[in-house]
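Read the numbers this way: they start at 1 and go in the same order the structure lists the ligands and their atoms.
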Amino acid sequence: MAIKCIGILTSGGDAPGMNAAIRAVTRSAIYNGIQVKAIYRGYKGLITGEIVPFKTQNVSNIIQQGGTILKTARCKEFQTQEGRQIAYNTMQEEGIDALVVIGGDGSLTGARIFAEEFNIPIVGLPGTIDNDLFGTDTTIGYDTALNTIMDAVDKIRDTASSHDRLFFIEVMGRECGFLALNGAIASGAEAAIIPEMQTEEDQLAELIQNGFRKSKNSSIVLVAESELTGGAIGLAERVKKEFPQYDVRVSILGHLQRGGSPSANDRILASRMGAAAIDALLEGQRNVMIGIQNDQIVYVPFTRAIKNEKPINRELLNTLRILSI
Ligand code: ADP
């Protein structure tokens, strides 16, 4: 059956570049003669019927805006079969033949279940600052968040070096170390403490063994938010106890990492992926996430994107170690 009308939604944690993706999906669909209906507040909008037809003008002047104009939400009801049945009924009433879902791991899990249950074509776009989806080199929002972290750490470094302090800076990542590791390299930090390494070694002990300071009089350690690492506060407490001579401080960057105007890389990535989502639907693809590998668009089945853990590049860890001597 030819697709005449698509629904588009953003779900889960917001990420800079989602608007650029909404714009690309909308314009690319209209260019191909497909109608677009915008669904507000993620899956919730499919249940409450908060749906608006979109024309090209609806996505004017949004490529540079952070957040998502469609709003996002976490929707418990969609996790039940009854909830998804209501969502499906809404799609039928609205004449929506296919969905483009922009979101993270949870949103794409929901998309996979929904697609299988009702045999609906769904294409996903990886929208998350955490970069934790398998099958794509990078996700929409990751580059912007990385740049935000770099700017913040640059500023903290000024005060850290003025006072000879040891700073533990906690960054987001949801049990995933990409932001911490690459943020550390980009900002010239001394170390990154990431959950991927936690089971193998005590990273803090190693750091202490190597001597925090050596020739330096201030140090910055990026810590991925994670139960495994104990977060920046837990690590700082440990160091304070064992090394009372250090002037230890903690900074938790928090939600500022999610905001801001998307970087050029994220805008381009979102634009390419948004257009690719429509190409995929026209090709008869379904239940795939659009990914990018070696600068080429690829289709990654939902099951692969969600279930597999994306590995950290160990070369990067080594580079960080070498460059922080
Ligand atoms: P993210 O997409 O950023 O990972 P969440 O994990 O909060 O964010 O997921 C967003 C939404 O996706 C949830 O609120 C829910 O509506 C839907 N979702 C997540 N997991 C499932 C699931 N197992 N079944 C159905 N829907 C799900």
Side-chain angles (χ1 to χ4, degrees), residues 7-19 21-22 25 39-51 66-68 70-91 99-120 122-136 138-145 171-179 195 224-227 254-255 257-259 262 266 269-270 273 277 287-291 300-310:
I8 175 169
L9 61 85
T10 49
S11 166
D14 63 314
M18 280 185 162
N19 283 326
I22 294 165
V25 170
I39 300 153
Y40 283 80
R41 292 170 223 286
Y43 294 120
K44 205 181 236 173
L46 269 182
I47 291 171
T48 59
E50 198 180 347
I51 297 171
T68 159
L70 297 183
K71 313 280 185 185
T72 182
R74 299 206 147 94
C75 175
K76 276 243 154 70
E77 224 181 328
F78 195 73
Q79 296 189 7
T80 67
Q81 215 275 327
E82 298 76 38
R84 291 192 295 274
Q85 180 67 54
I86 300 171
Y88 179 69
N89 296 347
T90 310
M91 279 183 68
L99 282 182
V100 177
V101 171
I102 308 168
D105 192 54
S107 304
L108 299 188
T109 304
R112 181 184 63 77
I113 294 168
F114 194 42
E116 278 171 11
E117 226 164 35
F118 295 97
N119 193 25
I120 316 161
I122 305 187
V123 169
L125 296 188
T128 165
I129 64 165
D130 303 333
N131 197 27
D132 60 348
L133 286 158
F134 187 85
T136 186
T138 173
T139 57
I140 298 167
Y142 172 62
D143 183 64
T144 307
V171 301
M172 284 185 167
R174 223 169 47 166
E175 300 300 330
C176 183
F178 289 99
L179 284 172
E225 129 199 279
S226 154
E227 282 182 17
H255 282 84
Q257 295 166 85
R258 284 191 183 283
D266 273 335
L269 181 70
M273 286 183 161
N287 310 341
V288 293
M289 179 190 83
I290 305 294
V300 190
F302 281 150
T303 41
R304 278 192 58 216
I306 300 157
K307 288 226 182 84
N308 294 301
E309 234 163 67
K310 184 147 114 188

If you look at every heavy atom in G12 and R74, which pair is closest and at what distance?
-> C-NH2, 3.8 Å
Closest non-hydrogen atom pair, F78 against A87 = CE1-CB, 3.9 Å
Going by the side chain to side chain donor-acceptor pair (under 3.5 Å) test, name the single residue among R41, K44, K71 that passes it with E50.
-> R41
For ligand 1, what is the set of protein residues having any non-hydrogen atom at a distance below 4.0 Å?
-> S11, G12, G13, Y43, R74, C75, F78, Q79, R84, G104, D105, G106, S107, T109, G110, I113, R174
Exercise: identify the closest heavy-atom pair between A111 and V101 | CB-CG2, 4.3 Å
Smallest heavy-atom separation, N308 atom then R304 atom, equals ND2-O, 2.9 Å
Closest non-hydrogen atoms of T90 and G49, given as atom of the first, atom of the second and distance, are CG2-CA, 4.1 Å
